[in-house]
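Quick one: the structure is below, questions incoming.
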Amino acid sequence: MKRQLPLALVFIFGIFCIFQYFVPHESSEWIYEFLLAWIYIIGILTLALGIWSLIRVSWDKVQHRRPNWQYALVTLLGLFAMITFGFDYCRSFFSSEGLRNYMFVHFFDYILIPIQATMFSLLAFFIASASYRAFRARSLLASLLLLAALVIMLRFNPYLGFVGEYMEQLATWLLNVPNLAAKRAIIVGVGLGIVATSLKVILGIERNYLGRD
Amino acid sequence: MKLKTLIVLSCMLLGGSVFSAAQEVTDATALTDTAAVAAPRPIADLFARDSENDHGHSLTLSWTISPDDGAGQMNVIGYELYRALSPDGEFELRGKFPFGAASYIDVGAKEKESSQYSPDHTDFYYKVRALTSDPEVFTDSEIFGPVQSYGQWFNTGRIPVLVFVIGFLTTTVILIRRARGGADLFVRRLPGIEAVDEAIGRATEMGKPILYVLGLGTAADIATIASYTILGRVAKKVAEYQTGLIVPCYDPVTMTVAQETVKTAYADAGRPDAYSEDMVYFVTQSQFAYVAAVNGTMLRERPATNIYMGKFFAESLILAETGAFAGSIQISGTDEIAQIPFFVVACDYTLIGEELYAASAYLGREPLLLGSLKAQDYAKAAVILLAIIGFLTMNFGLEGFKELFYISN
Amino acid sequence: MSSVGLIISLFIIGAGLLWLLILSLTGREVERRIVFLFIGLAVSVPLLFNITFSERATPIVLDVFDKLEDLPPGSKVLLSYDYGPSMAPEVEPMSNAFLRHSLAKGHKLYLMALWATGQSLVATAVDSIIKREFPDKVYGEDYVNIGFKAGGTGVLNVIITDFRKMYLTDVDGLDLDSLFIFDGVKSLRDMDVLISIGGGFPGVKEWVLFAGAPGNIPTAGGCAAVSAPLLYPYYPRQLLGLLGGIKGAAEYESELKKRYPRFETMPTPGIKMMGPQTLAHLVVMAFIVIGNISYFISRRKRS
Amino acid sequence: MEGSKRLSAIILAVVIALFLVSWIVKGLAISDSGAALWFSVRDAFFITLAAFLTLAILSFLYKDNPYYKFAEHLFVGVSAAYWMCVGFWSTIVGNLFPNISESLSGYFDVPYKGFNPFYFIPLILGIMLLMRLSARAGWMSRWALAWIVGTTSGLNLIRYLRTDFISQVSNTFVPLLVDWKGVGPFFSDLSLSASGQFTMTLANWVIFVGVFTGLIYFFFSKEHKGFFGAASRVGIWVLMITFGASFGYTVMGRVSLLVGRLTYLFRDWLGLIS
């Protein structure tokens, strides 16, 4: 029962969502809109699960003085500070409302944004080290990878204008033709994979995600 | 008069919906052209019906343009559509369009509170007014009605999708039954998956843990669901070999499911006591904070193997390069097309797109899963066949074949 | 003084690469941190010494430029900000260039956003560019900001038939009907050009598929370099032209500078960013060459 | 061991000193431009903090170190709380309360839309998911999970079948000879211009062969031998060329992100460039 009922629910809702697509009538649209709104609300509620796990793991580190426990304390401090600022509704230390709280906004602008942007910018370094390490003519496949990358890179470097118009045409052709073909093959494959897996989920064949008792 | 014709024609050539511009221009010329504008002849054959394949609240109208639109007296500059609840009731303006227009879809809102609300199952009467440059001079058409709008229960424009759904479902079910009946279904090698076992062995020898990253997908993303199966398999092996496992999560629900999966795998391996909730933990739901934390874990715990399966975005290369930095063996798989190149370049093994979905069947080797994998292959064969037919028919100008696949909104 | 510093730094980068090349001839591998160091240098040196170089617009960029140039003054240009702060360094130069070009040419500008984060970026652009550089332009007559509406492609589906079904007011709550610029404007079909900036979802592709193509309205776009290959297939039929990444922005800016003397002194973040990009790009290619040389040498040694 | 500890203590002291100096200098610079003392001290602190965190993350490129660890852990805590607060205000307050309770919406100052019992369902499902925290009622979370997975599977099935499958397949229908006007005229027009008949025809063939062999590569239930093997090998070649091209195209764009960060350091923090 603990396992059969969930599987039945998956089946019912899955089939409903499939058939909903073919029924333009208002009533089916109405249910569909509700289903979408609910998913967001549930998602937010479950964030509590995540926060709980984060607090537990961090606190566990601090309590047992595991390696790097001091940093777990930093996480907890950041978390509680931000939650305090974010839920500061009625007491209004600095401003009137949660998300517009002065400290909340400044933590966002001067802690979250800089770190986030810097993490993202690490890509500039990693893309270089990955090119250095991996773009080597080890095999036929690796050489194709290397050649295609070089053609495109030459095309977009203004210093290397001398490689001329043919390189430009070749690069554009590569992006327009083989690129399109391969992407299409992957997209069709992925699309089929998703359709087949969804079907397996709805039919209860793929059921690993429910665990077992 | 000639000037106006010229302007109207050039407006047509420009092709933009220059209704207002045309009106302004013609107004200006009307000042110089003192002769009164003659009344145009009305439009003919006004017809209205419920719009097809929708949720109602919408009517489709068509008519034959006035003989004086672009021909004859050339004095029609546009039309207005009016609607009323009875033939002699008060007519309300529903739409304006430039000359040459011969159809219109009158869409109303479905919300009762909206000012644009248009009720279903209510009789409406329509008329179309042909306008001239002189706001006083116009001609109304005959009134058409009554006509009602209503919602449909089946969208015929989506039949191609239904055909595919039914076709795919039947194929899958038939093949699954055949597989159950004992037919031997072959699956080709997937080097990325075969490497998993080897990598776990290596981790055991080195006494180092395995890092499994489920990506940024939600629990219901199909890539994540495929990833659970692989995680289950990895966790079972890890439990058997008594190696460590680290699963940092981005999504709280994904974490819940992953905990369940790992717990089950440990129980299956006969070592339920070795499972601890802390193996699978939540980090944060912010893309780069998650990456920062996983990167730190890679350099501090030095896992022997990093496995990335699921949905990945810009972080793919940051993760894979840091992993390479730490000297781990890396196996990846994603259906996110823009990220596959980065994984291919930076990881030792990569499951490309659909291979990620095939992996669960390959690992499970259950007839049920193999049967559906076979159905996927049949569908691909069908695609190839259709592409060949399309390739040929397009050349003979049989555009109709392509139209069979047309899906309306 | 700065030119001396520049020469010294470029010399260091060049000599360093040459040294690594010589090392690679002995089959030695370069450590990752050295690669990082060179990338860091290649990006900071042009930034500190302000190296720029001239750009020549490619056809795909020129097509957009010429379209805006050829439209008669007073044409209606819609600019949609479909990006957030993290994509901004790459695409903001484009939106600024479009903004300047349209206003200088005397077009009417309709600003909106399909991304929630875009709305504040529009406001910033209005304050920092329009109000400062074009003080004679009047809000509600020459330009308007109708802001963000949630719904992505749904918004497009609606405003292609009627703006007022989605947008009753502009971003400040002014009734659209009270704004002179919306006189006689019913839907997207009344626009002369649609420009979407941003390569995510919804972005240029959605503008093409849900607005440009069905409404037969010329559509142009600007997007991050990553998403450009996915958009190439739409050019030139459904997509008038495309600015891909900083390179596209820089080309557009240089064209703007060439044709409009008033923009001689305008900030050109695109062109400025090309310096670091190009140098870093060269360094990456140099490392690919070095990597292959050391690979072949060491393989020959082993065999 | 003692030596390295002392070294890191010295480094820490230097970093703190530099941070303080930068704070003071920046604060003086801002107050010079006419801002009140308290505001300039506060703004200078935040600007310097952001610069410190930027450098801390960049230091990861050299090796893992305490400064990176600090920035990383701070980032995790703050971002987790950030998303929770945003979710609470936008979804719970903005979407849920207006539909279930007048007094709550009044309290949070959002317009009340009227009582709608259907909004209790996600609330109940959400609470069911939270039941996981309890050992005995944990099984209840599966119902909610089943609901989420079932719904999204159904939606995904249709969405991908329609956009990724049917549309892509019908887009592959391209003529094998573009603008065929008979043998004579065809061979007279062999120009290499991008819109030329020959080039377009060639492109169509390449697309067709690429899709064909690419799909063959993704065949799982056939051994890749003989014709299948050859075709799948061509397929993987085409895939590799595409991956290389996409990678090459991205290199340039990624640099601009770094330019953005360095501009912050050089301009906003150090004031080296204008």
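The figures here come from the full heavy-atom set of this structure, side chains too, leaving out hydrogens, waters and symmetry mates.
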Original post:
Are any side-chain N or O atoms of D/Y68 and backbone N or O atoms of B/A292, one a donor and one an acceptor, separated by less than 3.5 Å?
Top reply: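 Between the backbone of B/A292 and the side chain of D/Y68 there is a qualifying donor-acceptor contact (under 3.5 Å).
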
**OP:** Mind listing the closest non-hydrogen atom pair of D/N156 and B/A220 along with its distance?
**Re:**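 Looks like ND2-O, 3.9 Å.
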
Subject >> Between B/V344, B/I225, B/V253, the one whose heavy-atom pairs under 4.5 Å with chain D are most numerous >> reply: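 Max contact count across the listed options: B/V344.
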
**OP:** Identify which part of B/V345 has an atom lying under 4.5 Å from any heavy atom of chain D, answering side chain, backbone, both or neither.
**Re:**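 The answer is the side chain of B/V345.
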
Subject >> Residue part contacting chain B, namely of D/T151, when any heavy atom lies under 4.5 Å >> reply: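 No part of it gets close to chain B.
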
Subject >> Distance-minimising heavy-atom pair for D/W83 and B/S286 >> reply: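 That would be NE1-CB, 3.3 Å.
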
Original post:
Stepwise, does the side-chain contact (heavy atoms from CB on, under 4.5 Å) test hold for D/I158 with B/V165?
Top reply: CA-CA 8 Å; D/I158 290 294; B/V165 170; 4.2 Å; yes

**OP:** Check each atom of D/V76 against the heavy atoms of chain B and say whether the ones under 4.5 Å are side chain, backbone, both or neither.
**Re:**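 Contact with chain B: backbone and side chain both.
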
Original post:
Quick one: CZ on D/F218 to OH on B/Y357, what's the gap to the nearest 0.5 Å?
Top reply: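 Spacing of CZ (D/F218) from OH (B/Y357) equals 11.5 Å.
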
**OP:** With rounding to the nearest 0.5 Å, note down the distance linking CD in B/Q339 to OG in D/S246.
**Re:**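 It comes to 10.5 Å.
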
**OP:** Check whether more than 12 heavy atoms from other residues, nucleotides or ligands sit under 6.0 Å from atom CZ of D/F118, and answer yes or no.
**Re:**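 Count not over threshold, so no.
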
Subject >> Atom pair CZ/CG of D/F247 and B/L317 - distance to nearest 0.5 Å >> reply: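 So the CZ of D/F247 and the CG of B/L317 are separated by 5.5 Å.
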
Original post:
So do the side chains of D/F220 and B/L190 get within less than 4.5 Å of each other, counting heavy atoms only?
Top reply: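 Yes, their side chains come closer than 4.5 Å.
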
Original post:
So, D/Y217 versus B/E355: side-chain donor-acceptor pair below 3.5 Å or not?
Top reply: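 Checked: D/Y217/B/E355 side chains pair up, N/O donor to acceptor below 3.5 Å.
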
Original post:
With respect to chain B, which residue among D/K69, D/E72, D/R254 yields the maximal number of heavy-atom pairs within a distance under 4.5 Å?
Top reply: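 Of the candidates given, the most pairs with chain B belong to D/E72.
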
Subject >> Greatest number of heavy atom pairs closer than 4.5 Å to chain D - which of B/T393, B/V291, B/L392, B/I388 >> reply: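 Heavy-atom pairs under 4.5 Å are most numerous for B/I388.
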
Subject >> Heavy-atom proximity to chain D below 4.5 Å, by part of B/L386 >> reply: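 For B/L386, backbone and side chain are both near chain D.
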
**OP:** With a 4.5 angstrom heavy-atom cut-off, could you sort out which part of D/I148 is near chain B: side chain, backbone, both or neither?
**Re:**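 For D/I148, heavy atoms of backbone and side chain both lie under 4.5 Å from chain B.
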
Original post:
By a 4.5 Å heavy-atom criterion (distance strictly below it), what part of D/I236 contacts chain B: side chain, backbone, both, or neither?
Top reply: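 The side chain, not the backbone.
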
Original post:
Any side-chain heavy atom of B/R188 sitting closer than 4.5 Å to one from D/F228?
Top reply: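 No, too far: nothing below the 4.5 Å cut-off.
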
**OP:** Give, as side chain, backbone, both or neither, the part of D/D64 having an atom under 4.5 angstrom from any heavy atom of chain B.
**Re:**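 Both backbone and side chain.
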
**OP:** Would you mind telling me which of D/V78, D/V169, D/T242 has the largest number of heavy-atom pairs within less than 4.5 Å of chain B?
**Re:**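 Heavy-atom pair counts peak at D/V169.
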
Subject >> Check: D/L145 and B/T256 side chains under 4.5 Å, non-hydrogen atoms >> reply: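 B/T256 vs D/L145: side chains apart.
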
**OP:** Go through D/T152, D/V149, D/I166 and name the one with the most non-hydrogen pairs under 4.5 angstrom from chain B.
**Re:**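 Of D/T152, D/V149, D/I166, D/I166 has the most heavy-atom pairs under 4.5 Å with chain B.
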
Subject >> Proximity breakdown for D/L215 and chain B, heavy-atom pairs closer than 4.5 Å >> reply: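 Both parts, heavy atoms under 4.5 Å.
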
Subject >> Residue D/M240 versus chain B: region with a heavy atom under 4.5 Å >> reply: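 Looking at D/M240, just its side chain touches chain B.
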
Original post:
Could you go step by step and tell me if D/Y82 and B/T284 meet the side-chain contact (heavy atoms from CB on, under 4.5 Å) rule?
Top reply: CA-CA 10 Å; D/Y82 175 78; B/T284 171; over 6 Å; no

Subject >> Minimum heavy-atom distance D/N204-B/F391, with the two atoms named >> reply: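 It is O-CE1, 4.1 Å.
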
Subject >> N-O pairing of D/R142 and B/E260 below 4.0 Å >> reply: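 Counted as a salt bridge, because a side-chain N and a carboxylate O are separated by less than 4.0 Å.
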
Subject >> Check: B/I384 and D/I216 side chains under 4.5 Å, non-hydrogen atoms >> reply: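 A side-chain contact exists here, since the closest heavy-atom pair is under 4.5 Å.
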
Subject >> salt_bridge(D/K222, B/D377) N-O dist < 4.0 Å >> reply: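 A salt bridge is absent here (no side-chain N lies under 4.0 Å from a carboxylate O).
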
**OP:** Determine whether B/R158 and D/R162 make a side-chain contact, defined as any pair of heavy atoms from C-beta on separated by less than 4.5 Å.
**Re:**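 The answer is yes, as the side chains (C-beta and beyond) meet within the 4.5 Å cut-off.
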
Subject >> NZ/B/K263: more than 12 non-hydrogen atoms of other groups inside 6.0 Å >> reply: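 12 or below, so no.
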
Original post:
Given the rule in the side-chain contact (heavy atoms from CB on, under 4.5 Å) test, do D/S153 and B/I222 qualify, once you have shown the distances and angles that lead to the verdict?
Top reply: CA-CA 7 Å; D/S153 295; B/I222 304 297; 4.3 Å; yes

Subject >> Chi angles and distances behind the side-chain contact (heavy atoms from CB on, under 4.5 Å) call for B/F288, D/F75 >> reply: CA-CA 9 Å; B/F288 288 103; D/F75 191 18; 4.1 Å; yes

**OP:** With a 4.5 angstrom heavy-atom cut-off, could you sort out which part of D/I57 is near chain B: side chain, backbone, both or neither?
**Re:**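 It is neither, since no heavy atom gets under 4.5 Å.
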
Original post:
Would you find more than 12 non-hydrogen atoms of other residues, nucleotides or ligands less than 6.0 Å from D/Y62 atom OH?
Top reply: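 Incorrect, the count does not exceed 12.
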
**OP:** Select, from D/H224, D/Q168, D/R132, the one with the greatest count of heavy-atom pairs under 4.5 Å involving chain B.
**Re:**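 It is D/R132.
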
**OP:** Among the options B/A338, B/A314, B/G390, B/P252, pick out the one with the most heavy-atom pairs lying under 4.5 Å from chain D.
**Re:**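 Option with the top pair count is B/G390.
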
Original post:
So which part of D/F208 gets closer than 4.5 Å to some heavy atom of chain B, the side chain, the backbone, both or neither?
Top reply: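 When you check distances to chain B, only side chain atoms of D/F208 fall under 4.5 Å.
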
